[in-house]
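One structure is given below, encoded as structure tokens.
In what follows, every heavy atom counts, from backbone to side chain, and hydrogens, waters and symmetry copies are set aside. Below, read A as the first sequence line, B as the second, and so on, with proteins coming before strands; counting in each chain starts at 1. In this text, all values refer to a predicted model and were calculated from it rather than measured experimentally.
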4 protein chains.
Amino acid sequence: MHREHTGRRRNDAARQDILDAAAALIADPGGQPVTVDAIAARAGVGKQTIYRWWPSKYAVMLDALLERARVDVVDEGDGTLLGDLTAFLVSSFAGAERPGGRAFLSTVAALAQTDPAARDLLQQFTSRRREALRTLLQRHGVAEPDLMVEQAYGVLWYRLLVSGTPLDRDSAERLAALLTLQADRRPSTVDQFDEGARN
Amino acid sequence: MHREHTGRRRNDAARQDILDAAAALIADPGGQPVTVDAIAARAGVGKQTIYRWWPSKYAVMLDALLERARVDVVDEGDGTLLGDLTAFLVSSFAGAERPGGRAFLSTVAALAQTDPAARDLLQQFTSRRREALRTLLQRHGVAEPDLMVEQAYGVLWYRLLVSGTPLDRDSAERLAALLTLQADRRPSTVDQFDEGARN
Amino acid sequence: MHREHTGRRRNDAARQDILDAAAALIADPGGQPVTVDAIAARAGVGKQTIYRWWPSKYAVMLDALLERARVDVVDEGDGTLLGDLTAFLVSSFAGAERPGGRAFLSTVAALAQTDPAARDLLQQFTSRRREALRTLLQRHGVAEPDLMVEQAYGVLWYRLLVSGTPLDRDSAERLAALLTLQADRRPSTVDQFDEGARN
Amino acid sequence: MHREHTGRRRNDAARQDILDAAAALIADPGGQPVTVDAIAARAGVGKQTIYRWWPSKYAVMLDALLERARVDVVDEGDGTLLGDLTAFLVSSFAGAERPGGRAFLSTVAALAQTDPAARDLLQQFTSRRREALRTLLQRHGVAEPDLMVEQAYGVLWYRLLVSGTPLDRDSAERLAALLTLQADRRPSTVDQFDEGARN
DNA sequence: CAATAAGCGAGACGGTACGTCTAGTCTTATA
DNA sequence: TATAAGACTAGACGTACCGTCTCGCTTATTG
């Protein structure tokens, strides 16, 4: 591996190599724990170059994870709530199930439980998709968009972190259908009737 | 701290002291990472006494966490789906928000991402409440009880692990209401057709 | 290599192995600088065991050097000043030229220029022989024993540290002869004349 | 600090600043080890400017030390061996005791134990004075000039590197007297008488 | 007078060693 | 004979320093 020196300017190729190495080791640690020395060695970089730019091993790992999350998924439905929601959830579930995806997301979530910086970064990179979903729901006049977002992503993270159940397409579709049921009731006359019945 | 020697029999007081020490350090690590030496010192115990009974640090931590989770919550509603679900979720949310609760649950979840034993134990102690909710839902003839369980616990864990939002009573009630909406649709003709198809 | 554990007591076998390893690496570094990791590896010891008992790499090296210096040389002459002095210097020179000796002595002297602890230890282990020589000289009624000691050891260290000249037996004998000349003159009239001239 | 650029010619002011900085840091390291970065910073110079002109840190330090040693001491006695020798040793001792002198000499000697280049340079700058002394002794017909040179410089370096004793004027005078005693005996009839007595 | 060449301050870089910390194992001494 | 005490091996962590490299600037020399 050869990399051009950039003199007194930060070497972005080295930065990228470090993040790539970290990502590769997180995705497939090969039995070994992810080590700074291992990252440095795989990136062909001195350890100090890592510590010059990141405050700790976890910061590097998070950055690597973030980098990976930047791949944006565009998902368009058919304009109905059910169609849009289904498209969104299917693509979200699929995104988490890409190769290495579970390892990445569960690692970052585990880090976030301990490291405040990790917590911030986790928030930051979840918020983008969360906002997208919220906007989608609001476009359709859903009454409790926030709680519905939490249910949707709740299922996703629950499977990732707690139950380990696969995030398959069928689940996404069924979840979309259920959430649509919640939403459909609100603006219609039926909903008002229902609410009346509930009180 | 003084503890009676029990000779050649396993000293259960020591066992309890160890779990208490671990629990205390997990609940409030005071900036320091939770260390075996710290647990041993706080429990007034030799390290070997810990390793005699638990295979690893994580096992001790998990045991301490489990101990805490054993406090069972009984929650009875008014017999309607909405009432029972609300009672269940309110008590679940409240349980997670007991002092030290967030720290416990997020710690055990973080451990589970790495340690297979932790994963098993996490499953084991989540499954009890999960089953309770499932039974509740089935008693009310809900169509997709599994997915609804995941939605409910998804919101709980999502707030614990990802967003950090508080698990307040109001959220529990609103969530119960939304989930009830999903379920209420079931007796429609489409639903019945659907159910028929499934059976 | 196998070494018995000694439980909660310091393992003296490990101590010895560490010192031996350090000594071996100092005597023949094989091109590589003497490293704590290398010492630990060669001794079959964790690094922490070194740092538990010595404050720094140099402390270990010095201790290893001291250990080596403890080999006492007994040197008896024929009872005349020349004979005793010759025996003493020949054995001292020979001692410094034992295998690894130059490396040992020059290393410790180099360390002493920087490290206060090294300075103390160097003093300590030179003082024994220095005192022996001083006693020898006083037994023969030499007038300036201290300055003669410094000349004798001066030549030894000068060759070790500055010129690199070998400390051969012939030089020791000639040096003894010269120093004897200094001493012999003392009671003579010429000396008294000389002293008078100096004042 | 401002220094004129000299364009594509070597900047001798920078050279001098580097040597001065090195000398100052050697003379008073202030607890810190002497570092290339520290030298560069104190000299207001980029590190590359140091490495462009010297092959290693030790080369810079030695150059700084040499620079300082270039101050030549002229020492003339009264033409007798005792007088000339006294003058020479007194001035040599005084030279070593100039401010910063001990730090300089002990540093260079320590370096010489490790670095071959340092060894060469140490030889080189000691040889000048050593030769001067040798010439002086030969002029007076001394029999073992080489060994006497070593005795004289041996005492000097021994005090510098090993014992730390001050190199005061009185010691120099007494050493000169002792060495004169050695020398006086050789060419005279008294010496022959003595030698006969010794055998 | 433009083009080129080299020295320079700055500081990032690869590499190596340091000294610290923790996990988990082992033995002694205590009660 | 189970326990506390704590030394032990192993190995990762984050820091320090060396010597190399390039950038962007400045000045002297060349065409």
Side-chain angles (χ1 to χ4, degrees), chain A residues 3-11 13-15 32-38 40-41 43-57, chain B residues 3-11 14 33-38 40-41 43-52 54-58, chain C residues 3-11 13-15 32-38 40-41 43-57, chain D residues 3-11 14 32-38 40-41 43-58:
Chain A
R3 198 192 302 120
E4 289 299 319
H5 251 270
T6 56
R8 63 185 282 188
R9 293 181 112 60
R10 173 162 191 185
N11 189 338
R15 190 194 110 96
Q32 247 52 37
V34 179
T35 289
V36 176
D37 286 273
V45 139
K47 250 200 305 183
Q48 191 54 47
T49 299
I50 294 181
Y51 283 106
R52 198 186 337 272
W53 302 111
W54 290 275
S56 76
K57 181 177 73 157
Chain B
R3 197 189 307 117
E4 288 302 318
H5 242 275
T6 57
R8 60 179 290 185
R9 284 178 117 64
R10 171 168 178 175
N11 188 335
V34 179
T35 291
V36 176
D37 287 273
V45 138
K47 261 204 297 184
Q48 190 53 42
T49 302
I50 293 180
Y51 283 104
R52 197 174 350 262
W54 290 275
S56 77
K57 180 177 78 157
Y58 299 111
Chain C
R3 197 191 303 120
E4 289 300 318
H5 250 271
T6 57
R8 61 186 281 189
R9 287 180 118 53
R10 172 163 192 185
N11 189 337
R15 189 195 110 95
Q32 247 52 38
V34 179
T35 288
V36 176
D37 286 272
V45 139
K47 250 201 305 184
Q48 190 53 45
T49 299
I50 294 180
Y51 283 106
R52 197 184 341 270
W53 302 111
W54 290 273
S56 78
K57 182 177 74 158
Chain D
R3 197 192 302 118
E4 288 299 319
H5 239 276
T6 56
R8 61 182 282 183
R9 285 177 120 54
R10 171 161 192 187
N11 189 337
Q32 248 51 40
V34 179
T35 291
V36 176
D37 287 271
V45 139
K47 258 203 301 183
Q48 189 52 41
T49 300
I50 293 180
Y51 282 104
R52 200 186 335 272
W53 302 112
W54 289 274
S56 78
K57 180 177 79 158
Y58 299 112

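Across all their heavy atoms, Ala40(A) and Gly46(A) have their closest contact at CB-C, 4.4 Å.
With sequence neighbours left out, the side-chain contact (heavy atoms from CB on, under 4.5 Å) criterion links Lys57(C) to Val36(C), Met61(C). The side-chain contact (heavy atoms from CB on, under 4.5 Å) check on Arg8(D) picks up nothing, with sequence neighbours excluded.
In the helix from dC1(E)-dG31(F) to dA31(E)-dT1(F), the terminal helix axes, each the rotation mapping four pairs' C1' atoms onto the next four within five end pairs, subtend 0°, rounded to 10°.
When the shell of 6.0 Å around CZ of Arg52(D) is examined, it contains more than 12 heavy atoms from other residues, nucleotides or ligands.
Residues Ala40(D) and Asp37(A) each lie close to DNA chain E; by heavy-atom proximity, the contact nearer the 5' end of the strand is made by Ala40(D). Where Ala38(A) and Thr35(D) each meet DNA chain F at their nearest nucleotide, the meeting point lying more 5' is that of Ala38(A). Judged by closest nucleotide on DNA chain E, Pro55(B) is the one of Pro55(B) and Glu4(C) placed further toward the 5' end.
The distance from atom CD1 of Ile50(B) to atom P of dA23(E) is 10 Å, rounded to the nearest whole Å. Per the geometry, CD belonging to Gln32(C) stands 10 Å off P belonging to dT16(E), to the nearest Å. Taking atom NZ of residue Lys57(D) and atom P of nucleotide dA16(F), one finds them 15 Å apart after rounding to whole Å.
For dG19(E), one of the phosphate oxygens OP1 or OP2 lies less than 4.0 angstrom from a side-chain nitrogen or oxygen of Tyr51(C).
To the nearest 0.5 Å, atom CD of residue Glu4(A) and atom OG1 of residue Thr6(A) are 9.5 Å apart. Once rounded to the nearest 0.5 Å, the distance linking CD1 of Ile50(D) with CD of Gln48(D) reads 10.0 Å.
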Give me the distances for all protein-to-nucleotides 5-9 of chain F N/O pairs that come in under 3.5 Å?
from	atom 1	to	atom 2	distance (Å)
dA7(F)	O4'	Gly7(C)	O	3.3
dC8(F)	OP1	Asn11(C)	N	2.9
dC8(F)	OP2	Arg52(C)	NE	3.2
dC8(F)	OP2	Trp53(C)	NE1	2.6
dT9(F)	OP1	Arg3(C)	NH1	2.6
dT9(F)	OP1	Gly44(C)	O	3.2
dT9(F)	OP2	Gly46(C)	N	3.1
dT9(F)	OP2	Thr49(C)	OG1	2.6

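Note on Pro33(D): only backbone sugar-phosphate atoms sit closer than 4.0 angstrom, heavy atoms only; bases stay farther off.
Checked by atom type and distance alone, the side chain of Arg3(C) pairs as donor or acceptor with a backbone atom of Gly44(C) at under 3.5 Å. Between the side chain of Thr35(A) and the backbone N or O of Asp37(A), no donor-acceptor pair lies under 3.5 Å.
A cation-pi arrangement is present between Arg10(A) and Trp54(A), with the terminal nitrogen or guanidinium carbon under 6.0 Å from the aromatic centre and inside a 45° cone about the axis.
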